[in-house]
K.L.:
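One structure is given below, represented as structure tokens, and several questions about it will come after.
Please read these numbers as outputs of a predicted model, since none were measured by experiment. Order of the sequence lines sets the chain letters (A, B, ...), proteins ahead of strands, with each chain counted from 1.
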Amino acid sequence: MSNGQHIEQEDLALYSMQALAPAESAAVRAHLDTCATCRSVLADMLADVSLIAMTVPQQELPEGARQRFAATMAKTQQLAGTASKAAPKAVPVAGRPPIRHKHKHPSALGWFEWAITAAALLVACYLGYHDFELQRELDANREVIAQLSVQAARAQDLQRLMDALSSPQARQVTLTETRGTPQPVGHATYLPKSGALIFVASNLRPLVQSKTYELWLIPVGGKAPIPAGLFRPDAKGSAAVVLPPLPEGVDAKAFGVTVEAAQGASTPTLPIVMSGQ
Amino acid sequence: MPDGLSNPNAPEPRSSNGTDGSTNMDDQALLSAIQSGGQDAMSTFFDRYSKMVYSVALRVLHDSSEAQDVMQEIFIQVWRNPRAYDAARGSLAGWLVVVARNRAIDQLRRRKPADPVELFTLPSSMNLAQEAERSLLLEKIRKAMDGLPAEQRTAIELAFFEGLSHSEIAEKTGDPLGTVKTRIRLALMAIRKERT
């Protein structure tokens with residue numbers, strides 16, 4: 001990792017992309033805290049990395065994205081000290097004598113001031129307690145709102161599932177293994193408008209623990225395959241993928257299945273073991 | 001109830017071109033305006049960079065909804081704390097795309113954000129405020145990426161867009177670890193050559 005004094009450039013390149021193992025990353029980070037030379041090299045690496053990111057073809061924002069952001073921004077407070085301005089300090093004007101306040105008699109007027117202060121403190125305490133109670137009520141309401149949101153999301157998923165299964169516009173695709181017997185078989189039901197997909201498969205060959213099957217949606221127009229869910233067969237060789245997160249409105253040319261590492265992949269690894277269109 | 005158009009007392013509709021004249025501000029002036037609580041300035045900032053940030057997140061996540069979440073999170077973070085970015089750190093566009101990529105990879109891997117990415121620095125030579133300059137440079141970089149040997153390009157794409165570690169790349173490609181590291185470094189050097 002280090003050539004004695006500095007981190008190897010190859011490791012800094014990997015660090016710039018967070019591609020080091022956690023222990024290696026921690027070691028680099030510790031070195032960077034004390035080495036300006038390596039920080040400068042890392043800055044150059046990050047510049048290269050940022051250019052890779054900027055070459056990505058720009059896509060139009062989904063409808064409503066700007067409005068959603070504006071709405072969230074309107075509800076979000078900036079951190080303290082960001083928008084506030086410090087109160088200007090009073091500066092005595094040169095040449096004028098300082099203004100002296102008249103010395104007040106301590107008897108009746110002083111007692112009155114103490115009474116006002118005590119009353120203000122009592123009001124502040126009451127308001128503080130009231131605020132505490134309101135905060136508790138708000139927290140309780142937040143919990144209820146969160147639960148209702150989860151239920152609403154589930155209801156929406158169920159509706160999508162029903163639409164996908166019953167809609168005449170849903171595509172039905174059967175996938176079969178391209179070679180060999182017995183024949184694993186899969187069936188995909190896909191509704192492009194909502195991106196709802198249900199996939200069931202049987203006679204799947206077992207996989208080692210470090211591998212998984214991954215389903216792919218292959219869009220029309222030659223666009224990159226879209227990951228559509230990971231699945232491993234049960235003891236009988238059956239598996240299903242139900243409503244994986246897919247973008248809406250994508251026309252599918254075909255579906256395919258590959259074998260990937262356990263955490264899946266974002267691009268398919270050949271060969272395609274099952275396909276259908 | 002009269003609608004906003006007929007009601008003479010209705011507030012002016014918010015212009016997408018920035019009623020505070022923020023549209024033509026450079027990035028530093030824009031951030032200063034955001035620091036002062038300028039929502040118009042923040043809207044201009046969003047219009048200027050949201051497509052780029054969204055596109056990077058989408059390239060990694062392949063999911064429009066998740067990419068939107070990453071994009072919104074980044075811009076809300078800028079709104080909440082515009083001081084997190086310091087112009088002395090170099091290109092704002094460069095900073096944003098690296099944050100977008102890192103957050104998207106974190107989302108992909110469902111892990112908590114690792115390093116405090118807001119703290120990294122790009123060299124001052126990376127200031128790409130001028131659109132024409134940026135377009136020309138990006139075209140050169142795209143050609144450089146297209147011209148990379150296939151194995152270098154694969155290594156960079158697996159590391160950058162899929163967030164694989166060097167050992168995961170080595171396992172996936174079947175290449176030795178040292179070879180993977182060298183390929184990534186060589187690919188970055190080819191890109192560096194175009195910008196210097």
K.L.:
If you round to the nearest 0.5 Å, how far is CD of B:Gln68 from OH of B:Tyr54?
P.N.:
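Taking OH in B:Tyr54 and CD in B:Gln68, the distance rounds to 5.5 Å.
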K.L.:
Measure the CZ-CD1 distance between A:Phe69 and B:Ile74 for me, rounded to the nearest 0.5 Å.
P.N.:
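CD1 of B:Ile74 is found 11.5 Å from CZ of A:Phe69.
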K.L.:
Considering only heavy atoms and a distance below 4.5 Å, find which of B:Glu168, B:Glu157, B:Arg59, B:Met52 pairs most often with chain A.
P.N.:
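Greatest number of close heavy-atom pairs with chain A: B:Met52.
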K.L.:
Can you tell me which portion of B:Met71 sits under 4.5 Å from chain A's heavy atoms? Options are side chain, backbone, both or neither.
P.N.:
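Contact with chain A: side chain only.
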K.L.:
Mind checking the CG-OH spacing from B:Leu30 to B:Tyr49? Nearest 0.5 Å is all I need.
P.N.:
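Rounded to the nearest 0.5 Å, the CG-OH separation comes to 8.0 Å.
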K.L.:
What donor-acceptor contacts under 3.5 angstrom involve side-chain atoms of residues 260-271 of chain A, with partners at least two apart or in another chain?
P.N.:
from, atom 1, to, atom 2, distance (Å)
A:Glu260, OE1, A:Thr269, OG1, 2.6
A:Glu260, OE2, A:Thr258, OG1, 2.8
A:Glu260, OE2, A:Thr269, N, 2.7
A:Glu260, OE2, A:Thr269, OG1, 3.4
A:Ser266, OG, B:Glu162, OE2, 3.4
A:Thr267, OG1, B:Glu162, OE2, 2.7
A:Thr269, OG1, B:Lys172, NZ, 3.4

K.L.:
In sequence, state the C-alpha distance, the side-chain angles, and the governing distance for B:Glu73 and B:Gln107, and then conclude on side-chain contact (heavy atoms from CB on, under 4.5 Å).
P.N.:
CA-CA 12 Å; B:Glu73 184 195 321; B:Gln107 175 70 8; over 6 Å; no
K.L.:
Under a 4.5 Å heavy-atom cutoff, which of B:Leu61, B:Val180, B:Ile169, B:Thr182 has the most pairs with chain A?
P.N.:
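Highest number of pairs under 4.5 Å: B:Thr182.
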K.L.:
Hey, which of A:Leu61, A:Val56, A:Ile226 has the most heavy atom pairs under 4.5 Å with chain B?
P.N.:
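Result: the option with the highest number of such pairs is A:Leu61.
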K.L.:
For a quick check under 3.5 Å, do B:Arg103 and B:Gln77 share a side-chain donor-acceptor pair by atom type?
P.N.:
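Note: B:Arg103 and B:Gln77 side chains meet the donor-acceptor criterion.
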K.L.:
Chain A: which of B:Ser165, B:Gly178, B:Ser65 shares the most heavy-atom pairs with it under 4.5 Å?
P.N.:
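Most heavy-atom pairs within the cutoff with chain A belong to B:Ser165.
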K.L.:
I need the A:Leu32 CG to A:Leu12 CG distance, nearest 0.5 Å.
P.N.:
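A:Leu32 atom CG to A:Leu12 atom CG measures 6.5 Å (nearest 0.5 Å).
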K.L.:
Give me the atom names and distance for the closest heavy-atom approach of B:Trp79 to B:Gly38.
P.N.:
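Heavy atoms of B:Trp79 and B:Gly38 come nearest at CZ3-O, 3.8 Å.
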K.L.:
When only pairs under 4.5 Å are counted, which of A:Pro22, A:Pro227, A:Gly195, A:Ala19 shares the most heavy-atom pairs with chain B?
P.N.:
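Among A:Pro22, A:Pro227, A:Gly195, A:Ala19, the one with the most close pairs to chain B is A:Ala19.
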K.L.:
Would you please go through residues 244-253 of chain A and name the residues with a non-hydrogen atom below 4.5 Å from one of chain B, in numerical order?
P.N.:
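Result: A:Pro245, A:Leu246, A:Pro247.
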K.L.:
After noting the C-alpha distance and the side-chain angles of B:Leu58 and B:Glu66, does the key distance pass the side-chain contact (heavy atoms from CB on, under 4.5 Å) rule?
P.N.:
CA-CA 8 Å; B:Leu58 186 63; B:Glu66 287 194 351; over 6 Å; no
K.L.:
Using non-hydrogen atoms only, which part of B:Phe46 is less than 4.5 Å away from chain A: side chain, backbone, both, or neither?
P.N.:
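Only the side chain of B:Phe46 comes within 4.5 Å of chain A.
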K.L.:
In Å, rounded to the nearest 0.5 Å, how long is the span from NE2 of A:His31 to NE2 of A:His6?
P.N.:
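So the NE2 of A:His31 and the NE2 of A:His6 are separated by 6.0 Å.
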K.L.:
Using non-hydrogen atoms only, which part of A:Pro57 is less than 4.5 Å away from chain B: side chain, backbone, both, or neither?
P.N.:
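Just the backbone, heavy atoms under 4.5 Å.
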K.L.:
Select one option (side chain, backbone, both, neither) describing which atoms of B:Ile184 are under 4.5 Å from chain A's heavy atoms.
P.N.:
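The side chain, not the backbone.
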K.L.:
Examine whether an atom of A:Gln77 lies under 4.5 Å from a heavy atom of chain B, and if so say whether it belongs to the side chain, the backbone or both; otherwise answer neither.
P.N.:
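For A:Gln77, backbone heavy atoms alone lie under 4.5 Å from chain B.
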K.L.:
Do you know the tightest heavy-atom contact between B:Ala187 and B:Ile156?
P.N.:
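Looking at all heavy atoms of both residues, the shortest contact is CB-CG1, 3.2 Å.
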K.L.:
Check the pair B:Phe75, B:Phe45 against ring-ring contact (aromatic ring centres under 6.0 Å, His included), reporting the backbone distance first and the verdict last.
P.N.:
CA-CA 9 Å; B:Phe75 282 97; B:Phe45 182 82; 5.6 Å; yes
K.L.:
Please determine whether side-chain contact (heavy atoms from CB on, under 4.5 Å) holds for the pair B:Phe160 and B:Arg101, giving the CA-CA distance in whole Å, both sets of side-chain angles, and the decisive distance to 0.1 Å.
P.N.:
CA-CA 8 Å; B:Phe160 191 74; B:Arg101 176 266 176 191; 3.5 Å; yes
K.L.:
Show the nearest heavy-atom pair for residues B:Gln35 and B:Pro82, with the distance to one decimal.
P.N.:
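For B:Gln35 versus B:Pro82, the nearest heavy atoms are CG-CG, 3.5 Å.
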K.L.:
Yes or no on side-chain hydrogen bond (donor to acceptor under 3.5 Å, both in side chains) for A:Glu24 and B:His166, after CA distance, side-chain angles and deciding distance?
P.N.:
CA-CA 11 Å; A:Glu24 292 169 319; B:His166 54 64; 2.8 Å; yes
K.L.:
Using a cut-off of under 4.5 Å for heavy-atom pairs, which of A:Ala13, A:Ser40, A:Pro62 has the most such pairs with chain B?
P.N.:
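Winner by heavy-atom pair count: A:Pro62.
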K.L.:
What residue in B:Gln72, B:His62, B:Met189 has the most heavy-atom pairs under 4.5 Å with chain A?
P.N.:
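Greatest number of close heavy-atom pairs with chain A: B:Gln72.
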K.L.:
Report which part of A:Ala65 has an atom under 4.5 Å of a heavy atom belonging to chain B: side chain, backbone, both, or neither.
P.N.:
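Contact with chain B: backbone and side chain both.
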K.L.:
Kindly compute the distance separating CG (A:Leu215) from CZ (A:Phe199), expressed to the nearest 0.5 Å.
P.N.:
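Nearest 0.5 Å value for the CG-CZ distance: 5.5 Å.
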K.L.:
Kindly state each residue pair satisfying ring-ring contact (aromatic ring centres under 6.0 Å, His included) with at least one member in residues 255-277 of chain A, sequence neighbours excluded.
P.N.:
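Counting only pairs at least two positions apart or across chains, the ring-ring contact (aromatic ring centres under 6.0 Å, His included) contacts touching residues 255-277 of chain A are A:Tyr190-A:Phe255.
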K.L.:
Under a 4.5 Å heavy-atom cut-off, does chain A meet the side chain of B:Leu188, its backbone, both or neither?
P.N.:
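Backbone plus side chain of B:Leu188, per the 4.5 Å heavy-atom cut-off to chain A.
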K.L.:
Which members of residues 139-152 of chain B, sorted by number, sit under 4.5 angstrom from chain A on a heavy-atom basis?
P.N.:
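Heavy-atom contacts from residues 139-152 of chain B to chain A are B:Ile141, B:Arg142, B:Met145.
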K.L.:
Is it the backbone or the side chain of A:Leu14 that comes under 4.5 Å from a heavy atom of chain B, or both, or neither?
P.N.:
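It is the side chain, since no backbone atom gets that close.
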K.L.:
Heavy-atom cut-off 4.5 Å, strictly under: side chain, backbone, both or neither for B:Ser50 against chain A?
P.N.:
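Both the backbone and the side chain of B:Ser50 come within 4.5 Å of chain A.
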